[in-house]
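Inspection log for the structure reproduced underneath, given as structure tokens.
Just so we're on the same page: letters track the sequence lines, and every chain starts at 1.
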Number of protein chains: 2
Amino acid sequence: MSERDWLPTVVRSAGVERPLEAGETLFRQGSRTVGLYEVISGKVRLVRVDRSGREAILHSASVGETIAEASLFSPTYHCDAIATTKTVVRFYPKAAILVEFKRNPKAAEAFMAMLARQIMDLRTRLEQRNIHSARDRIRHYFAVNLGPDARSVVLPGSLKEFAAHLGLTHEALYRTLAKMQKDAEIQRNKGGKIRLLKRLYDHDHT
Amino acid sequence: MSERDWLPTVVRSAGVERPLEAGETLFRQGSRTVGLYEVISGKVRLVRVDRSGREAILHSASVGETIAEASLFSPTYHCDAIATTKTVVRFYPKAAILVEFKRNPKAAEAFMAMLARQIMDLRTRLEQRNIHSARDRIRHYFAVNLGPDARSVVLPGSLKEFAAHLGLTHEALYRTLAKMQKDAEIQRNKGGKIRLLKRLYDHDHT
DNA sequence: CGGCGTTTTGAGAGAGCTCAACATCGGTGG
DNA sequence: CCACCGATGTTGAGCTCTCTCAAAACGCCG
């Protein structure tokens, strides 16, 4: 699921790293598109700004994510990109990518596949947000991200990050995990590994 | 933003409509991929089923959405697709699409552009869900979906659908819209048109 | 050892959800 | 033309659950 696999090595090597200070602007709405970016470290937020200067956040991109994929097919950027913290991005020039796609259909396919996978993932996460109970939301995550053994899940990163991924406060997550452990529904192991003790959905939903 | 524009006419004409009864299965996880589908009417849910038979919903696709785009690049489907209601889908065979992409890079580009646009939209909606206040969530929607006049928004479909789109109960939405109207923040017109009376973000956020 | 971030637990309040009743609108058929 | 029906729209009241604010324990690293 790595966001890097789609890049043909030709393009990958054409990437250039660029450091950004906190608050620095990467590109602005309306300016001509030159390519897309991958967040190497830090955080970049995509915002739409109205005339009064207030921002509506469209997305906050963390390490590993790419931003402005749509810029490949548009003459101008459609929002502002601003570094939230000290950040490093890697820039991939539009022209090089498009040429490579034309020359090498496999590369184009890989890109499409990556986009399609992202859509799946985003749709699933959106669906997950419809679940209000913290416990059920966590269960949903487990159900969807089960390991091949169908009994364990490895949490990505810290619990705080996981909480943000789920759209819960970290407190709510901690508490709920504690409860689930007390109820012998899960078992927490080293390295963010979680083992399911009860079958998923083996619960009371009337 | 129509999901149809990406289809080259060659492929479009290769589409075949297929009716589904409520509860009927369109495809199953693990079965060989034959193509993707567009929902013409009704609703299709994508689910992952565990051994105990319970479902975890990955996505619920409504009219106009396409499902199983990723199937183009995968030998098997990764989840089940089941009609939630009486439904009609349009089927586009994988082979025809891929061939067309290879033959016609413009078509491939259009497809990629469509996927990229969808990703933007999904990310924005996900971001929106981080806003807890119903009022601010509605404002966020307005800010992002403003018409060219920067003063009005046209709601898609019924208020109930809109509520679902926002991840609110329809009651909460009704109430909040009523409040916003009473506070002279918005003005509701015929046809789901809403006119903004105050500047967005011109509110007290301390 | 002394910070700094993560993890954890406590208590309280608010906001949206749930259940419920009713109004409204559009379509259907007698 | 009117009665009926289902779906959407609207308002009311109570409750649950998460969020918020706070504080403390824990782990890691210089």
Side-chain angles (χ1 to χ4, degrees), chain A residues 22 41-43 62-63 84-86 126-141 154-183 185-194 203-206, chain B residues 22 41-43 62-63 84-86 125-141 153-183 185-194 203-206:
Chain A
S41 71
K43 228 171 208 176
S62 298
V63 178
T84 302
T85 64
K86 212 175 199 307
L126 204 51
E127 191 67 46
Q128 173 187 238
R129 298 300 180 97
N130 290 334
I131 303 170
H132 295 288
S133 150
R135 199 160 187 159
D136 286 338
R137 196 179 289 184
I138 293 170
R139 284 185 188 135
H140 183 269
Y141 179 88
V154 180
L155 302 186
S158 68
L159 284 184
K160 264 185 105 159
E161 286 166 351
F162 182 49
H165 182 90
L166 290 179
L168 295 171
T169 59
H170 55 278
E171 295 101 316
L173 176 64
Y174 293 139
R175 271 189 259 271
T176 309
L177 285 179
K179 260 186 245 160
M180 292 173 85
Q181 185 158 29
K182 203 181 64 182
D183 295 353
E185 182 174 344
I186 63 172
Q187 180 186 330
R188 302 174 61 178
N189 299 322
K190 292 252 171 189
K193 271 193 276 293
I194 291 197
H203 309 283
D204 39 65
H205 285 284
T206 60
Chain B
S41 71
K43 229 172 208 177
S62 298
V63 177
T84 302
T85 64
K86 212 172 198 313
R125 288 180 62 190
L126 203 51
E127 190 68 44
Q128 174 187 238
R129 299 299 179 98
N130 289 334
I131 303 169
H132 294 288
S133 149
R135 197 157 186 164
D136 286 338
R137 196 179 288 184
I138 293 170
R139 285 185 186 136
H140 184 268
Y141 178 89
V153 181
V154 180
L155 302 187
S158 68
L159 283 185
K160 265 185 103 158
E161 286 166 352
F162 183 49
H165 182 90
L166 291 180
L168 295 171
T169 58
H170 55 278
E171 294 101 319
L173 176 64
Y174 292 140
R175 269 189 262 271
T176 308
L177 285 179
K179 261 185 246 160
M180 292 172 83
Q181 185 157 31
K182 203 181 64 181
D183 295 353
E185 182 175 346
I186 62 171
Q187 180 184 331
R188 303 175 60 179
N189 299 322
K190 291 253 172 192
K193 271 193 275 294
I194 291 198
H203 308 285
D204 39 65
H205 284 284
T206 59

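- In this structure, the side-chain hydrogen bond (donor to acceptor under 3.5 Å, both in side chains) partners of Gln187(B), at least two apart in sequence or on a different chain, are Asn189(B).
- Atom-to-atom distance recorded for Lys182(B):NZ and Leu177(B):CG is 13.5 Å, nearest 0.5 angstrom.
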Exercise for review: Please step through side-chain contact (heavy atoms from CB on, under 4.5 Å) for the pair Arg188(A) and Leu159(A), ending with a clear verdict.
Suggested key: CA-CA 12 Å; Arg188(A) 302 174 61 178; Leu159(A) 284 184; 3.1 Å; yes
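- Here the side chain of Gln181(B) pairs no donor or acceptor atom with the backbone of Ala178(B) at under 3.5 angstrom.
- When the P atom of dT20(D) is taken as reference, atom CD1 of Ile131(B) falls 12 Å away, rounded to whole Å.
- Atom C1' of nucleotide dG9(D) and atom CZ of Phe162(B) are separated by 15 Å, given to the nearest angstrom.
- Applying the side chain to side chain contact (heavy atoms under 4.5 Å, CB included) test to Glu171(A) and every residue at least two apart in sequence or in another chain returns Thr169(A), Arg175(A).
- Residues forming a side chain to side chain contact (heavy atoms under 4.5 Å, CB included) with Ala163(B) (at least two apart in sequence, or on another chain): His170(B), Leu173(B).
- Rounded to whole Å, atom P of dT20(D) lies 11 Å from atom CG of Asn130(B).
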Review point. Passes side-chain contact (heavy atoms from CB on, under 4.5 Å), Lys160(A) versus Tyr174(A)? Steps please.
Key: CA-CA 9 Å; Lys160(A) 264 185 105 159; Tyr174(A) 293 139; 3.9 Å; yes
Dump the pairs, protein N or O against N or O of nucleotides 23-28 of chain C, anything under 3.5 Å, distances to one decimal.
none

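- Residue Thr169(A) has a polar side-chain atom (N or O) positioned under 4.0 Å from OP1 or OP2 of dC19(D).
- To the nearest angstrom, P of dT20(D) lies 12 Å from CG of Leu168(A).
- When the P atom of dA15(C) is taken as reference, atom CG of Leu173(B) falls 17 Å away, rounded to whole Å.
- Put simply, CG on Leu159(A) is 14 Å from P on dG27(D), counting in whole angstrom units.
- Partners of Ser41(B) under the side chain to side chain contact (heavy atoms under 4.5 Å, CB included) rule, at least two apart in sequence or in another chain, are Val88(B).
- Computed from coordinates, the Asp136(B) CG to dA15(C) P distance equals 11 Å when rounded to whole Å.
- Using a 4.0 Å heavy-atom cutoff across all strands shown, His132(B) reaches sugar-phosphate atoms only and no base atom.
- Rounded to an integer number of Å, the gap from CD of Glu161(B) to C1' of dG9(D) is 13 Å.
- The strand DNA chain C forms stems, runs of 3 or more Watson-Crick or G-U wobble pairs with distances below 3.5 Å, at C:1-30 with D:1-30.
- Partners of Lys86(B) according to the salt bridge (Lys or Arg N to Asp or Glu O under 4.0 Å) rule, which considers only residues two or more places apart in sequence or in another chain, are Glu21(B).
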Please tabulate, for side-chain N and O atoms in residues 126-135 of chain B, each donor-acceptor pair with protein atoms closer than 3.5 Å (sequence neighbours left out).
| unit_1 | atom_1 | unit_2 | atom_2 | d |
| --- | --- | --- | --- | --- |
| Glu127(B) | OE1 | Ser60(A) | N | 3.4 |
| Arg129(B) | NE | Leu166(B) | O | 3.4 |
| Arg129(B) | NH1 | Asn130(A) | OD1 | 3.0 |
| Arg129(B) | NH2 | His165(B) | O | 3.3 |
| Asn130(B) | OD1 | Arg129(A) | NH1 | 3.1 |
| Ser133(B) | OG | Arg135(B) | N | 3.3 |
| Ser133(B) | OG | Asp136(B) | N | 3.1 |
| Arg135(B) | NE | Glu185(B) | OE1 | 3.3 |
| Arg135(B) | NH1 | Asp183(B) | OD2 | 3.2 |
| Arg135(B) | NH2 | Asp183(B) | OD2 | 2.7 |
| Arg135(B) | NH2 | Glu185(B) | OE1 | 3.1 |

Check your understanding: Under the side-chain contact (heavy atoms from CB on, under 4.5 Å) criterion, do Phe162(A) and Leu168(A) qualify, and how do the steps go?
Key -> CA-CA 9 Å; Phe162(A) 182 49; Leu168(A) 295 171; over 6 Å; no
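- Counting any heavy atom pair closer than 4.0 Å across all strands shown, Arg188(B) reaches sugar-phosphate atoms only and no base atom.
- Using a 4.0 Å heavy-atom distance criterion, Gly167(A) is classed as a sugar-phosphate-only contact.
- Contacts with DNA chain D (heavy atom under 4.0 Å) in residues 174-181 of chain B: Tyr174(B), Arg175(B), Ala178(B), listed by number.
- The Glu171(A) side chain lies nearest to dT9(C) when the options are dT18(C), dT9(C), dT6(C).
- Listed pair Arg129(A) / dT18(D) fails the phosphate criterion, with no side-chain N or O lying under 4.0 Å from OP1 or OP2.
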Just the atom pairs and distances: protein N or O near nucleotides 28-30 of chain D's N or O, under 3.5 Å.
none

Exercise for review: Just do the side-chain contact (heavy atoms from CB on, under 4.5 Å) check on Ile138(B) and Ile186(B) with the steps written out, would you?
Suggested key: CA-CA 11 Å; Ile138(B) 293 170; Ile186(B) 62 171; over 6 Å; no
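- Both His170(A) and Ala134(A) lie close to DNA chain D; mapped to their nearest nucleotides by heavy-atom distance, the more 5′-ward contact belongs to Ala134(A).
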